[in-house]
Amino acid sequence: MTSLPLSQQARPQPPGMRGGATYLDGLNAEQRAAVEAMDGPVLVLAGAGTGKTRVLTTRLGHILATGRARPWEILSVTFTNKAAREMKTRVGALIGEGVEGLPWLGTFHSIAAQILRRHAELVELKSSYTILDTDDQIRLLRQLIQAEGIDEKRWTPRFLAALIDGWKNRGLTPDKLPEDAKWSFADGLGQKLYEAYQARLQILNACDFGDLLLHNLTIFQNHADVLAEYHKKFRYLLVDEYQDTNVAQYLWLRLLARGSNNICCVGDDDQSIYGWRGAEVDNILRFEKDFPGATVIRLERNYRSTANILGAASGLIAANKARLGKTLWTEDDPGEQVQVRGIWDGEAEARFVSEEIENWVSKGRAYSDIAVLVRASWQMRAFEDRFLMLGLPYKVIGGPRFFERQEIRDAHAYFRVVRSIDDDLAFERIVNTPKRGIGQTSVQKLIQTARAANVSMAEAARMIVETDEIRGGARTGLKTLLRDIDRWAHQAETMRHDELAEIVLDESGYTGMWREDKSPQAAGRLDNLKELVRSMGEFDTLEAYLEHVALVSDLDTAGDGEEVSLMTLHAAKGLEFPFVFLPGWEETVFPSQRSLDEGGTSALEEERRLAYVGLTRAREQAVITFTANRMIFGRWQSVLPSRFIDELPPAHVEARSETGYYDGGPGFEGVRERADPFNSSYSSPGWKRFQDAHAQGRKGSQPTLEGKARLIDSGSSASKWKPGDRVFHDKFGYGTVKTADGAKLSVAFDKAGEKKVVDSFVRGEA
DNA sequence: GCATGCATGATTTTT
DNA sequence: TCATGCATGC
């Protein structure tokens, strides 16, 4: 660790600042060092809740206030629009004036898009290029795969999209693909398809998200003069969430930083949770090598959570090997221990959480103080069901996004076609929506004709409607559509874009289609379309609007109202709540099956970081729950408590069973052997205690010892039950045993149907 | 060309 | 469970 240069020497005060830099007051020594380390590369390792955003914004303000750079000479990049917005607001408050003058504060993608617009011709694009969404991307790839005669089911467009995305994230243009990468799709056709895809994008004057950065790289690498221009321009670089950068973003930063060498990256390796999206934790781990002479500053004083929460989180993350290592500390009260609860199943878990919520609220706390953080969105359902039933106010954060909804994309496609009739992807999307009698075969014909004549689909359609190649309804439908588009395009020259939007949606029959739709979602879709037209009015031009929606996904703001927040752990990064529920801490759920199957230790460590992120969201109290049974993909499964529960340091944890029996013990200690509960002796202390308590707590005469013994003995294939036995199960009721394999029973329940259950959860009928 | 019914497979998502 | 995509039959 490098020393902390606590520069205390007097510096020239900028004009207009009264009585010194008051904005530095209240920063601790490390924070202040991070703000004042001005020259050369700086890495700020900011643990959860250590005032990262404050440091970032103060530093920005400091650079401006000391006159080291003017607003347009600072490049500040974030990952989310939300983070960019927050920085703008906070810097504005700090320097006491509007921040309109910070043109280079934004997300990686929006800044890369700006740069690309200025130099598009250097990568054979026009500056009016469009940004494709994933939907367009996949449809384009599907066409290319079909053209190659590849089996679409074996090699899906989605898979290819993910591959190409991954290559782009690593800064790989088609010509730079390594040998093995070429073979990762359709027996060596990967590279060819990637090339074909890029060629198509160029013809369409479009690029995808990955291209925004990749094209920037190409421009910088091939045009030293352009890069030099940006070197001259950017005197300071600020990077937020550096642990989430991918290789392309890292290369981009490195190229830009070569000018001033004043790059300051802020991040936390322990909060790197986007590896599956191409983020390289390695970037932050390697910072000192990449930027020689770097100052590294650790922010370890936490201002958010109680000592118990911090202790639990720190103990957990200590199990990771690939980390720089920080020790968070606080002067706060120890507070309550982290609660760990074992619960029967997912429904009971939702019930428990809702009861606890009502409990806190009845003690005068607000719903908005509370968050429920899940690993995967399917887990939200149980909570939503429960909350709806109770009328408990809640809000899902992050869910399905406004701009990704079908009706919004369809509407956008109409606007794009009106703006430019040669936008094939948009044209294909709306050509038969609503239904105009133009089916698959007609669309295929259009594509083929277009390809053969080397014209756009709309152009091909114009040719074809004059011939007999398309008959009847399809022909008139197509004719009408072409005529309509021409008319709208004409109107666009004189009309406000939001006004025209309404006309287009109406005259095309698109709104009519949803009005006649009887499905329960139709009304909501119409509302969304209305909202869409309204939000378009906030932009001066259609172009400005489309650029905005391509790069911004969150129309809704995080809930400030009187509601419980429900979201995934990923969506929770950067947020904090007094009370946090962390349900579903079970093997195969969290850590997820996928991470267990595929990614090896690095994927597991990422899951652990996710757990760490979850815990460190809590200010006062964290409650972790796990169940014994969970419905996954519509099937009941017995599940084991997550290994992360065993990794929590006992001193900071209070563990209790569902039925309220205190186990009184020091929590769930010890390293557990990985085991299958059905086929081997499984002996997690935590699991056993849960079992014991559960057996005791249950009504009926099931002896505790027996339940315990059977669990431990379940390696033998002997079972208490045999086919034909009648049993009772707390959840499923009465049933008849079909098969018995060790502790694993298959039971045909009278009401619930055939289920697989562990024998310790059933008892005799009598 | 389109509606319907069945098989299939999935989980995190900053832009 | 649920959304998607296929084959089938009109």
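What you see below is based on every heavy atom in this structure, not just the backbone, and it leaves out hydrogens, waters and symmetry mates. In the text below, chain A, chain B and the rest are named by the order of the sequence lines, each starting its count at 1. Note that the coordinates shown come from a computational prediction; the quantities given were computed from them, not determined experimentally.
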> Of the nucleotides B:dT15, B:dT12, C:dT1, which has the atom closest to the A:Ala376 side chain?
Replying inline: B:dT12
>> Parallel, tilted or perpendicular: which one describes the rings of A:Phe539 and A:His548, with boundaries at 30° and 60°?
In response: tilted
> Quick one: A:Glu607 CD to B:dT12 P, roughly how many Å, whole number?
Replying inline: 12 Å
> Is the ring centre of A:Phe79 less than 6.0 Å from the ring centre of A:His109?
Replying inline: no
> Considering only heavy atoms and no angle criterion, is a donor-acceptor pair shorter than 3.5 Å present between the side chain of A:Arg594 and the base of B:dT11?
Replying inline: no
> Closest heavy-atom contact between A:Glu607 and A:Ser595?
Replying inline: CG-OG, 3.2 Å
> Just how far, in rounded Å, is P of B:dT15 from CD1 of A:Ile164?
Replying inline: 22 Å
> For A:Phe633 and B:dG9, are the ring centres under 5.5 Å apart with planes inclined under 30°?
Replying inline: no
> Is any side-chain nitrogen or oxygen of A:Thr568 closer than 4.0 Å to OP1 or OP2 of B:dT13?
Replying inline: yes
> Starting at CD of A:Gln406 and ending at C1' of C:dA3, how long is that distance when rounded to a whole Å?
Replying inline: 12 Å
> Can you tell which of B:dT11, B:dT15, B:dT12 lies closest to the side chain of A:His109?
Replying inline: B:dT15
>> Rounding to an integer number of Å, can you tell me how far A:Gln593 CD sits from B:dT12 P?
In response: 15 Å
> Mapping A:Arg436 and A:Glu606 onto DNA chain B by nearest heavy atom, which one lands closer to the 5' end?
Replying inline: A:Arg436
> Is there aromatic stacking of A:Trp276 against B:dT12, centre distance under 5.5 Å, plane angle under 30°?
Replying inline: yes
> Are A:Gln249 and A:Asn246 close enough, and set up right, to give a side chain to side chain contact (heavy atoms under 4.5 Å, CB included), and what steps lead you there?
Replying inline: CA-CA 5 Å; A:Gln249 287 157 341; A:Asn246 61 36; 3.4 Å; yes
> So, does the side chain of A:Arg277 form a donor-acceptor pair with the base of B:dT12 at under 3.5 Å?
Replying inline: no
>> Can you work out whether A:Gly437 or A:Leu212 has the more 5'-proximal nearest nucleotide on DNA chain B?
In response: A:Gly437
>> Rounding to an integer number of Å, can you tell me how far A:Arg375 CZ sits from B:dT11 P?
In response: 11 Å
> Which part of the nucleic acid, if any, lies within reach of A:Asn432 when heavy atoms closer than 4.0 Å are counted: base, sugar-phosphate only, or nothing?
Replying inline: sugar-phosphate
> If you look at every strand shown and take non-hydrogen atoms under 4.0 Å, does A:Thr107 touch a base, only sugar-phosphate, or nothing?
Replying inline: sugar-phosphate
> Rounded to whole angstroms, how far apart are NE2 on A:His548 and P on B:dT15?
Replying inline: 11 Å
> Contact class for A:Lys435 (heavy atom, under 4.0 Å): base, sugar-phosphate, or nothing?
Replying inline: sugar-phosphate
>> Can you measure A:Asn246 atom CG to B:dT13 atom C1' for me and round it to whole angstrom units?
In response: 14 Å
>> Please pick, from B:dT11, B:dT12, B:dC2, the nucleotide with the shortest atom-to-atom distance to any side-chain atom of A:Trp378.
In response: B:dT11
> Run the salt bridge (charged side-chain N to carboxylate O under 4.0 Å, His left out) check on A:Lys52 and A:Asp240 step by step: do they pass?
Replying inline: CA-CA 9 Å; A:Lys52 179 197 74 169; A:Asp240 191 17; 3.3 Å; yes
> Which is true for A:Thr78 with a 4.0 Å heavy-atom rule: it touches a base, it touches only sugar-phosphate, or it touches nothing?
Replying inline: nothing
>> How many whole angstroms separate atom NE2 of A:His570 from atom P of B:dT11?
In response: 13 Å
> If you check every side-chain atom of A:Met631, which of B:dA3, B:dT15, C:dT1 has the closest atom?
Replying inline: C:dT1
>> Is it true that A:Arg254 and A:Tyr250 share a donor-acceptor pair across their side chains at a distance under 3.5 Å?
In response: yes
>> Side chain of A:Ser377 only, heavy atoms from C-beta on: which candidate in B:dT15, B:dT12, B:dC2 is closest?
In response: B:dT12
